[in-house]
Amino acid sequence: MKLSISGVGKNFGAVRALDRVDLDIAPGEFVTLIGPSGCGKSTLFNMLAGLLEPDAGGSILLDGKAGALLGRTAFMPQRDLLLPWRNVLDNALLPCEIEGLPRASSRARAEKMAVDFGLRGFEKHYPQQLSGGMRQRVALMRTFMFERDLMLLDEPFGALDALTRSMMQRWLLDIWERYRRTILFITHDIDEAIFLADRVVVMSTRPGRIKLDRPIELPRPRDAHLLTAPEFTAIKRELLDAVEEESLKSFSA
Ligand SMILES: Nc1ncnc2c1ncn2[C@@H]1O[C@H](COP(=O)(O)OP(=O)(O)OP(=O)(O)O)[C@@H](O)[C@H]1O
Ligand SMILES: [Mg+2]
């Protein structure tokens, strides 16, 4: 397994955010995570990124190894901030600088990657000169520049309009197929969760637990027609039921 999470819980004072989460992710898998607001999705990512310690009793193994996780995954936090005073390339190079990698070779890699990320010609632009979709591509590119097999993407397309978003989804699948990383992806959008994933994991309302782990055996490559296919709608119905049940609980709690 690329990642094995077992019995992971987290309390914040009196708030029980996560409760005994078990989850295994195979190398190269694309897994999406959905669940009501406040159920602990970002908290789980913060633990996987090594920014937060799980409570006693839980374990997180990356490549079969326990121990410090900081710097071992590529993490795109929910509110991703590009530095306004750095241009596209310099924003993307930030993790390489922090790692102390040689500047010239990192720069060459970033210049090449900018083409795949649809940013050619914009390398010297500053974040405020870019569209929302482009800014998100820069943030994603920065995450890909940090060469780790496991990527944690916390609602990377949350701020985008529907059209840009569906373009970004197809584009991300293309990039994923090319770079072959393992991806764990949080979203609130059920279509997005199904469209992208090998597996959709539904979390319960707080304290977050794994409620449903649904393999998505739809053929790849996937295109927009899939969204209206009967197999797709059937899965969507099943997931909507699970999510709605949880949302209702969180409102009646
Ligand atoms: N650093 C913290 N200190 C105290 N409480 C926290 C902290 N981080 C998160 N929480 C609490 O833990 C719970 C889970 O938060 P989390 O951000 O993980 O939810 P989420 O599932 O990512 O929600 P959303 O979908 O809205 O992003 C919430 O009740 C939140 O208030
Ligand atoms: Mg969150």
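Counting starts at 1 for both ligands and their atoms, in listed order.
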message: Under 4.0 Å, heavy-atom basis, I'd like to know which part of Ala17 is in contact with ligand 1: side chain, backbone, both or neither.
response: side chain

query: Does the pair Asp90/Arg103 count as a salt bridge with the N-to-O cut at 4.0 Å?
result: yes

Within-cutoff protein neighbour (heavy atom, under 4.0 Å) for atom 21 (O) of ligand 1: yes

- request: Taking the six-membered ring of Tyr179 (Phe, Tyr or Trp), confirm whether the NZ or CZ of Arg181 is under 6.0 Å from its centre and within 45° of its axis.
  value: no

query: Judging by distance only, is a nitrogen or oxygen of Val15 under 3.5 angstrom from one on ligand 1?
result: no

- request: Please calculate the OG(Ser42)-the Mg ion (ligand 2)-OE1(Gln78) angle and round it to 10 degrees.
  value: 80°

query: Tell me: protein heavy atom nearest atom 17 (O) of ligand 1, and distance?
result: Ser42 CB, 3.7 Å

field: Lys/Arg-Asp/Glu bridge criterion (N-O < 4.0 Å) met for Arg165, Asp189
entry: yes

message: Heavy atoms only, cut-off 4.0 Å: how does His188 contact ligand 1, side chain, backbone, both, or neither?
response: side chain

message: Could you identify the single nearest non-hydrogen protein atom to atom 26 (O) of ligand 1 and state the distance to 0.1 Å?
response: Ser37 OG, 2.5 Å

query: Which residue holds the protein heavy atom closest to atom 13 (C) of ligand 1, what is that atom called, and what is the gap in Å?
result: Gly38 O, 3.7 Å

query: Which residue supplies the protein heavy atom nearest to atom 3 (N) of ligand 1, what is that atom called, and how far is it?
result: Phe12 CD2, 3.5 Å

- line: for atom 16 (P) of ligand 1, nearest protein heavy atom and its distance come out as Thr43 OG1, 3.6 Å

- prompt: Could Glu53 and Lys10 be called an ion pair, given the rule that one side-chain N must be under 4.0 Å from one carboxylate O?
  reply: no

message: Which residue and atom name correspond to the protein heavy atom nearest atom 27 (O) of ligand 1, and how close is it?
response: Gln78 NE2, 3.0 Å

query: Is Asp174 paired with Arg178 through a side-chain N to carboxylate O contact shorter than 4.0 Å?
result: yes

query: In terms of side-chain geometry, is the basic nitrogen of Arg199 or Asp213 positioned less than 4.0 Å from the acidic oxygen of its partner?
result: yes

query: Any salt bridge between Asp191 and Lys236, counting N to O under 4.0 Å?
result: yes

message: Taking the ring of Phe122 and the ring of Phe117, is the distance between their centroids below 6.0 Å?
response: no

task: Identify the protein heavy atom lying closest to atom 29 (O) of ligand 1, giving its residue, its atom name and the separation to 0.1 Å.
output: Arg206 NH1, 2.9 Å

